[in-house]
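Scroll down for the structure; my scribbles are underneath it.
The chains referred to below are lettered A, B, ... by the order of the sequence lines, with proteins before strands, and numbering in each begins at 1.
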Amino acid sequence: MSDAMPEAQGCLPLSSLSTTEPVAARQRTDAIDVLTQAEPLFSALMPMFLWIDGQARIRALGRTLHKVLGEGVMIGDAFTRHFTIGRHEADLLRCPDATIPRCEFSNCSRKVGACGSSLRHLKERRSIHLTLQARPEIGLRGDVLSLPQAEGGGVLMNLSFGIYLSEVVASLDLTERDFAVADLAMEMLYLLETKSMVMGELSALTARLDHARQEAERLALTDALTRLSNRRAMERALAQALSGVTQGGAPFALMQIDLDHFKRVNDSYGHAAGDYVLQSVARILNETVRHGDLAGRMGGDEFLLLLRGPIEHKALEALAQRIIARLEEPKWFAGNECLISGSIGVVVSDDYAIHDLDAMQGDADVATYAAKEAGRGCVRFAQSAPR
Amino acid sequence: MLGLINRSIQNFLTDTHGVEVWRRVAARLGLSAAGFEPMLKYEKGQSLKLIEAACAELGRSRTDLLEDLGTYLATREPVRRLLRYGGCDYTDFLNTLDDLHDRARMALADLDLPELSLETLDDGEYRLRVAGRLPGWATVFAGILRAMADDYGVLALIESEENGEIVSIRLLDSSYAKGRNFALSRPLEGSL
């Protein structure tokens with residue numbers, strides 16, 4: 001089937017190999033002889049070249065390919081001892097010859113590459129993928145040229161490591177001398193090496209920037225004096241809690257705390273005393289709230305607790321009383337007793353049919369004011385919440 | 001141009017002269033001690049100011065400092081490895097210096113290394129023309145070539161013209177000492 005193939009694509013124009021001989025002599029020259037003469041040239045130019053003869057035996061190979069196959073490789077070894085055609089089982093093609101009852105190769109396993117006869121069919125292909133028998137993890141790819149069947153057949157290949165370059169270089173200790181100068185292997189290795197360095201630099205840069213971003217964000221959301229969340233952070237958290245509750249998520253309660261008599265402390269003992277009291281309040285709030293709740297300083301002597309999840313009014317009342325009791329404990333600064341208290345207004349998201357943050361905060365304000373009106377140091381729940 | 005070069009100068013000052021020297025150089029330039037980010041871009045005037053400030057701080061001449069910088073760079077393992085891609089021996093290495101600019105550009109388009117062209121004069125004598133956008137590259141390369149001669153185990157006489165673009169190289173003994181090891185594949189650690 002492949003006798004009339006010199007014109008076929010992928011076929012080596014053998015006559016071009018020996019240009020110094022007279023025309024008459026060239027015509028008499030057997031193609032295999034020409035190739036044999038040209039073999040040193042091939043080896044020099046293509047360290048990964050492979051010549052398989054018509055009986056599927058290795059006829060010649062380049063020095064780097066020799067290195068890849070190891071010391072054990074011999075001229076005359078069966079092609080299939082060292083290679084499989086294709087990279088995956090699925091790539092293997094059926095050998096058409098195997099369906100012919102008189103298949104001349106007894107060991108034919110019906111796959112291209114498994115016997116010499118099937119190598120004949122490579123003439124229809126321009127490129128080939130091979131897998132090394134000894135190292136199935138390594139694949140080779142390259143050009144493939146079939147030789148005329150009339151002259152004994154066989155196949156020439158010029159192979160390369162393709163994407164397996166790094167693995168091969170690592171496992172075989174290859175040097176630049178093992179590659180043709182025209183091969184881009186060295187550039188590929190160079191790029192891989194610089195790429196991993198650049199990636200290292202870039203991920204270090206990303207880590208530094210991310211750290212700086214987190215730090216900036218923390219500073220932007222933290223009250224410098226008390227280290228509680230600031231107003232911006234609280235507003236962000238409130239908006240999140242609200243959007244959670246409108247989508248059927250957990251309810252929440254807001255507890256607004258206005259300090260009582262704080263101005264008196266500030267005026268009597270100075271700003272340092274005032275700052276100390278505010279920091280004490282922050283510590284009390286941090287120690288009182290549960291994990292998952294959020295305590296914030298909204299400005300001046302006004303604090304806000306965001307209490308997430310369902311809580312009974314009774315429990316809220318008890319919590320508020322506990323906070324007030326701790327606020328009223330005497331605080332000593334530079335030998336001065338600083339006495340404060342707190343007025344607390346509470347709103348609960350469950351009390352609202354329509355969730356509106358402004359309304360809730362407004363009601364919390366009103367409740368806090370009511371607590372102040374009631375004589376300070378007490379807690380009031382929002383009254384106007386329409387059910 | 002990429003901060004990589006400025007960062008290398010910063011590392012050179014820190015590693016060879018101490019972090020205090022770097023801090024003072026940074027202060028002269030009004031930079032924070034954190035210095036340069038290797039992967040961010042800076043204007044190229046920065047490198048010149050940086051070198052001037054370092055020379056003033058250390059009381060050293062530019063030629064001295066730049067040659068030392070070259071030696072320092074070529075002895076950083078990642079850089080040494082990339083340079084060793086140039087060839088199996090020092091002569092190969094010299095002959096592929098012409099490719100260095102393009103290889104570096106292939107890896108980092110903004111690195112802006114100088115263009116190199118090697119002229120072979122006589123047996124074992126070469127002239128390397130270093131054409132960069134910053135003056136002083138030839139001096140840096142004199143340091144690099146000297147360090148690489150050591151790396152390949154070669155005895156060579158290497159000199160750069162004062163403030164010029166030419167480095168002259170004379171090979172004296174190409175098997176002077178055993179070169180340092182190099183394999184194409186090697187697990188990478190550290191940064192440029």
Side-chain angles (χ1 to χ4, degrees), chain A residues 44 47-48 63-65 67-68 135 137-139 160-216 219, chain B residues 2-8 10-11 32-42 73 76-93 95-96 98-111 113 152 179 181-192:
Chain A
M48 289 286 288
R63 60 193 148 83
T64 304
L65 194 56
K67 215 166 170 176
V68 170
R135 300 162 180 267
E137 75 279 8
I138 290 173
S160 91
F161 297 115
I163 54 170
Y164 301 98
L165 180 65
S166 306
E167 285 91 330
V168 177
V169 162
S171 58
L172 292 175
D173 210 19
L174 298 183
T175 75
E176 60 171 299
R177 297 263 162 96
D178 292 317
F179 298 100
V181 177
D183 192 340
L184 286 176
M186 293 302 291
E187 275 69 25
M188 170 99 165
L189 291 171
Y190 189 88
L191 268 187
L192 286 171
E193 192 148 341
T194 45
K195 187 206 74 165
S196 50
M197 270 189 273
V198 169
M199 289 301 284
E201 290 291 351
L202 284 178
S203 49
L205 172 60
T206 307
R208 283 193 290 274
L209 291 179
D210 190 51
H211 183 259
R213 182 188 60 79
Q214 283 182 17
E215 184 62 14
L219 289 174
Chain B
L2 269 189
L4 197 56
I5 288 172
N6 291 349
R7 180 57 183 238
S8 302
Q10 174 185 342
N11 289 347
S32 93
F36 298 95
E37 274 296 344
M39 288 295 135
L40 298 184
K41 282 189 203 173
Y42 297 86
L73 286 177
R76 297 307 93 197
E77 182 60 9
V79 180
R80 178 187 87 91
R81 283 188 53 77
L82 292 180
L83 288 169
R84 283 290 294 250
Y85 270 86
C88 281
D89 58 38
Y90 195 63
T91 316
D92 265 5
F93 166 76
N95 279 306
T96 51
D98 291 24
D99 295 338
L100 189 67
H101 172 265
D102 289 345
R103 276 196 176 166
R105 205 186 48 178
M106 178 176 72
L108 283 168
D110 297 319
L111 189 57
L113 287 188
Y152 279 103
N181 283 335
F182 173 72
L184 284 179
S185 80
R186 183 149 158 187
L188 267 172
E189 277 165 37
S191 61
L192 292 164

Exercise. Does the side chain of A/E201 come within less than 4.5 Å of B/L2's, by heavy atoms?
Worked result: no
Exercise. Does the side chain of B/E37 come within less than 4.5 Å of A/L209's, by heavy atoms?
Worked result: no
Exercise. Only one of B/L108, B/L82, B/L111 forms a side-chain contact (heavy atoms from CB on, under 4.5 Å) with A/T194, so which one is it?
Worked result: B/L82
For this session: Considering non-hydrogen atoms only, spot the tightest contact between A/E176 and B/G86 and give its length.
Result: OE2-C, 4.1 Å
Problem set entry | Straight-line distance of B/M106 CE to A/E187 CD, nearest 0.5 Å | 5.5 Å
Exercise. Out of A/A170, A/S166, A/A204, which one racks up the most heavy-atom pairs below 4.5 Å with chain B?
Worked result: A/A170
For this session: Please look at B/D92 and chain A and tell me whether the side chain, the backbone, both or neither of the residue comes under 4.5 angstrom of a heavy atom of that chain.
Result: side chain
